[in-house]
Structure formats: structure tokens, C-alpha cells
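Below is one structure, written out as C-alpha cells, with a few remarks after it.
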Amino acid sequence: MTDKASHWTRRGFLGAGAAGLAGTVAAPLSAMASPACASPPGAGARPRPDAAQLAWQREELSMFVHFSINTFTGREWGDGRESPQLFAPAALDARQWARTARACGFGSMILTAKHHDGFCLWPTATTAHSVASSPWRGGNGDLVREFTDACRAEGLGVGFYLSPWDRNAAVYGQGRAYDDFYIEQLSELLTGYGPLTELWFDGASGDEPGDKRQQYDWARIHRTVRALQPHAVMFSDAGPDVRWIGNESGSAGSTCWASVDPARVPRPGANDPWTGEALQQGDPHGTVWRPGETDVSIRPGWFWHAAQDARVRTPENLLDLYFTSVGRNSKLLLNVPPTAQGLFHDNDVRALRGFARLRAAMLAQDLAAGAAVTASSNGGIAGQVTDGDRDSFWTPADGIRDGWLELALAADAEFDVIRLEEAIAHGQHVANYRVDAWRDGCWQPLAWGTTIGHCKLDRVPPTRTPRLRVVIEHAYDAPRIARIGLHRSAGGDWARPDNQAGGDA
């Protein structure tokens, strides 16, 4: 690779951050009634998701589509001087992208409507540096339109990435003049293409000596989205609705709260020693709901390069990413870049289909479904953790913050994946849990962890046990457990079960 992308992330800010961050330390069970375990003095109710945030996280899988002038130059970051004549995909088929995404279990797609080079994939009124100046579709094409039509035809949500850094715009770095320019582009996207599910922003800006700089007016950007697309969520490392997870390796923190303290990451592009930790972990005492999105590419680069056609992630690796993103209370945003022909490459499609098969085989049967369940209290609703309804849940009596649920399992039920879910419509509260198996006449630990949230997946050795117990050791409010699921993977024993892990995958 010939540009900065070889040693910077594609987003242009915030390096790897802290890795392998420590989880929340549980208080002893004997201290759980102590005021020290309560919310901080003066704190209000614990945050909850709004309807858009809840739907966004329950979707679990979204697909990023990086396609632009870089696809034709072999670069990751363009410099804005590329000729629009280079943009000439001979067989572009956005329906192929959308069909692949839908068939492989993705719920929405996000298109790079404009990357850092400033080339716009729609015929904008703001600049000639767009598809209107290209030979594609005779200069009459609108890739944003074709993309949104394809997504809606397949029942997928639609999202856009509009880079705030524009290396082509003459007004970039001129303060209000560029703010107006950017808002006009953003407004075209927000008003011309129907309902959107997500707007994806980052803090990318010039990093070379002599590069023009621009202080982005994020408050105005956010107001514009709220006014024109009130049901869309906005992503950036600082939110306001969903946050970056702090890396591009596909791994959320093993402790991952959806709540955050907004003061810890006050703006997109904040770069300091503690930012990575704040993004990875969230904050159990955070005042706002801002769940994490884990973005990663199916290839080494974010745009297609022919030299990387043999370096596509395997289905098994993609399943690992599912565990370290969705399985850690995050959402997986997987980038799949179309080729210069305008199609997903066969190798990428095969990997996605293999990933879908592995995931479907693993989740096809829930060995806990319908199991008899007893509980430490409120036993009458204990069975709701195995009824398959994310909106029904068990909670201990009288607001107690700890407790246990016990499942009676069939003798031939063998599992190697444990799925736990909180009823996050009511917030995220569990800080420590343990899963025990009945063996040799006593309870023996099988898995343990900190946060649960929307979903926590634990990989364990193939296990048969007549009784399984999930113990909530500490929570910041009465826990609401929506699901206990048990599954058997299709690929054989895990190379390293999570209960034997020494850090992030």
C-alpha cells in the first residue's frame, strides 16, 4: 500500500488504544446491600435505549460497503485530485450486494457516500467531483439511489457514511464556509433517499504537515440529522447514539457496558491515553445509553485491491468475530468492498455464505428451550428465560440484585456455547455472573464473566450436565434476564474455549 493506511487506521485518528482491558471487579456477595454498591449519590435512573437504539442493537449484523474512486486507484485514502473519469464500474449491481447481505443474515448496509477524497457517489449540487462527471451510466448515474433501492428491495435498513474530511473541496479548512458546504451535502442525503437507519461519522482530518484543518461543527451536524431523519441513529466514537468500540480488529471489550460517561469521549477524534479504555468498556455508572459498534473489514484493506483477493477472512474467522463483537454486547459492522467491476468478489461471497452456514448451524437448536427452570426467588416467572421472547424476563423478588436460575437439561443435551441476554429495554445492570455445571454431586464452575447486556456468548468445552445454574453475583440494579440459551457448534471443539482464555480473541 502506498499511502498512510499502511500504518494508520482508515478512520485517520485514535490508534489501537488500550488492549485487554480489565473488567469491572465484583463486590463480595456479603456487601451487595451496602450503599457502596448503589448508584453514585445524586444519580438518576439508569439509562435505557430508545426505540431506534434498541432496534439497532437487536439487528446484530450490519454490512459496510466501501466503494469509491479509491476502488479504481488502488489506494485506501485518495488525495482529492483523482479524475472522475476513473470511476467506471462496468457491471455494477447493487442488488447483488443487497441479496448477499440479506441471504447471509445482515439487517442493514452502510455505503461510503463520500470518502476523504471528496468524490460523491450521488449527483450532488455542491461539487462537480461526483458520479455526474464520470463515464458511469453516461454521467446520469446515482449510486446512492441504486444502493438505497437495492436495500429496500431486500428489506434491509439503509445507512450512509459522509466523511467530514474532504481533500477536494476548496472551502475545506475555511470554517463556516465548509460547515455550510458539508451540511448541504448531508441534507441532500437526508432528504433525497427515504428513511435511514444510521449515519456514520468519524473525526478524520488532515494528518500531514501542511494539510488544511477544519473544526467540525458537530452540534450543527447532529441537529440536522435529528431534524431530517429523527429515527436514524448516529455513530461516532463520541456518539451521540452509538459509539465506536475503539479498534478495527473486530473485538469489543470482554467487559462492555452500553452506558457511557459522555465526558470521557467528548468529541469525535478525541485522542488521549484513556479514550481507548472508555470506548472498549463503557461505564457502569454512565449517564447515557451509547452501545458499541465493532467495525472490521473482511479483507486487510477497506477498499478492494486485487492483490488481496486471496486474503479474505475465512468463515471460521468471521464466526470468531461474531463472538468477540455480538457476543460481547456490541454490534458487528463488517466491511465488504465491491470490485472495480462493481460486484462483490466471489471469494468474499463464499466467505460470507460459509459464515452464515456456521452461524445458522450453531444457532439452529437451543438445547435450553423449554427446559424446566427454578430460581432463587420469583420462581413463577423463571421459565421466561427459555421461552424465546426477548421482551419477557426473570427478575428476583423485591429488587434484589443477585440470585440464580437453574435449568434441568435432557441427558443427551451436549453444548459448547452459552448465550445469556438481559432485557436491555429496561437497561443493562449485570456486572458479574457465573455459570455452574452439576458434576460429581456438586456445582462446578463452567464459565464466568462480567457484563451481559444484549448478548453474551461464552465458548466452553463440549458439555453434558443434568443441571446448569446461572448465578448473578453482582448487578447495579435488579437484573432482568431475558434468555439463557445453549447451543452446539458445527465445527467441532473450540481451539481455545472462552473459559480458558487469557485475554481478547
Side-chain angles (χ1 to χ4, degrees), residues 10 59-76 86-113 115 119 121-122 131 134 136-137 141-161 197-198 200 248 250 294-319 321-322 325 331-360:
R10 59 162 296 281
E59 194 178 85
E60 296 190 353
L61 299 176
S62 185
M63 187 176 289
F64 221 162
V65 179
H66 274 64
F67 187 72
S68 187
I69 202 77
N70 293 338
T71 307
F72 303 88
T73 63
R75 303 184 69 181
E76 286 284 297
L86 295 172
F87 188 84
L92 191 143
D93 183 1
R95 284 296 298 273
Q96 185 237 12
W97 310 348
R99 285 193 299 269
T100 301
R102 170 54 65 193
C104 295
F106 292 77
S108 61
M109 302 182 82
I110 299 173
L111 176 69
T112 54
H115 205 254
F119 184 78
L121 297 185
W122 77 102
V131 290
S134 79
W136 177 66
R137 306 282 195 250
D142 183 344
L143 181 48
V144 172
R145 174 72 62 201
E146 294 189 21
F147 173 79
T148 55
D149 288 349
C151 287
R152 295 200 172 99
E154 297 298 327
L156 299 170
V158 177
F160 298 140
Y161 167 55
T197 60
E198 184 169 354
W200 209 91
E248 294 175 346
T294 301
D295 60 321
V296 65
S297 186
I298 199 169
R299 290 164 170 251
W302 290 83
F303 287 92
W304 172 82
H305 309 289
Q308 296 178 358
D309 285 348
R311 301 178 64 191
V312 176
R313 293 178 183 272
T314 65
E316 292 75 16
N317 179 265
L318 293 174
L319 187 64
L321 295 180
Y322 181 77
S325 57
K331 182 177 181 177
L332 177 60
L333 176 61
L334 179 66
N335 178 64
V336 183
T339 69
Q341 292 294 304
L343 301 169
F344 284 168
H345 194 279
D346 287 347
N347 291 352
D348 302 62
V349 173
R350 276 193 292 270
L352 290 166
R353 289 175 176 168
F355 170 43
R357 284 193 295 269
L358 288 176
R359 200 172 67 253

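Starting from 1, each residue takes its place in the sequence as its number.
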side-chain contact (heavy atoms from CB on, under 4.5 Å) between Asn70 and Trp302: does it pass, once the steps are laid out? CA-CA 10 Å; Asn70 293 338; Trp302 290 83; over 6 Å; no

Kindly determine whether Phe106 and Leu334 satisfy side-chain contact (heavy atoms from CB on, under 4.5 Å), including the steps that lead there. CA-CA 9 Å; Phe106 292 77; Leu334 179 66; 3.9 Å; yes

What verdict does the side-chain contact (heavy atoms from CB on, under 4.5 Å) test give for Leu156 and Met63, after you've listed the backbone C-alpha separation in whole Å, the side-chain angles of each residue and the deciding distance to 0.1 Å? CA-CA 10 Å; Leu156 299 170; Met63 187 176 289; over 6 Å; no

Thr294 vs Leu333, side-chain contact (heavy atoms from CB on, under 4.5 Å): CA-CA, chis, key distance, verdict: CA-CA 6 Å; Thr294 301; Leu333 176 61; over 6 Å; no

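With hydrogens and angles disregarded, a donor-acceptor distance shorter than 3.5 Å links the side chain of Gln96 to the backbone of Phe344. Panel note: side chain Thr197, backbone Val158; a donor-acceptor pair is recorded below 3.5 Å. Side-chain atoms of Gln308 come within 3.5 Å of backbone atoms of Gly301 as a donor-acceptor pair (strictly under, hydrogens ignored). Proximity of a side-chain donor or acceptor of His305 to a complementary backbone N or O of Ala307 within less than 3.5 Å is not detected. A side-chain donor-acceptor contact under 3.5 Å links Arg359 to the backbone of Cys104. Panel note: side chain Arg102, backbone Gly155; a donor-acceptor pair is recorded below 3.5 Å. For Trp304 (side chain) and Arg299 (main-chain N/O), no donor-acceptor pair under 3.5 Å exists by modelled atom type.
Residues Val336 and Ile298 come closest through the heavy atom pair CA-CG2, 4.1 Å. Nearest approach of Phe303 to Glu76, heavy atoms of both residues: N-OE2, 3.0 Å. Shortest non-hydrogen contact noted between Ile110 and Tyr161 is CG2-N, 3.9 Å. Leu343 and Ala91 get closest at one heavy-atom pair: CD2-O, 3.4 Å. Closest approach of Met109 and Ala101 over heavy atoms only: SD-CB, 3.9 Å. Minimum interatomic distance between Asp309 and His345 (heavy atoms only, all atoms of both residues): OD2-NE2, 3.3 Å.
Using a 4.5 Å cut-off on side-chain heavy atoms (C-beta onward), Phe119 and Val131 make contact. Taking the side chain as every heavy atom from C-beta outward, Phe72 and Pro89 approach each other to under 4.5 Å. Counting heavy atoms from C-beta outward, Val312 and Arg350 have side chains that stay 4.5 Å or more apart.
Here Thr339 contributes atom OG1 and Asp346 contributes atom CG; the two are 9.5 Å apart, rounded to the nearest 0.5 Å. One distance of note links CD of Glu154 with CG of Asp149; it measures 12.0 Å at 0.5 Å rounding. Separation of atoms CZ (Arg311) and CG (Asn347) is listed at 13.5 Å; rounding is to 0.5 Å. With values rounded to the nearest 0.5 angstrom, Glu146 atom CD is found 11.0 Å from Leu121 atom CG. With rounding to the nearest 0.5 angstrom, the CG atom of Leu318 is 10.0 Å from the OG atom of Ser325. Interatomic distance, OG1 of Thr112 versus CD1 of Ile69, reported as 11.5 Å (0.5 Å rounding).
Listed by chain and residue number, Ser62, Ser108, Lys331 satisfy the side-chain contact (heavy atoms from CB on, under 4.5 Å) test with Glu59 (two or more places apart in sequence, or in another chain).
Taking the six-membered ring where the residue is Trp, the centroids of Phe67 and Phe87 are separated by under 6.0 Å.
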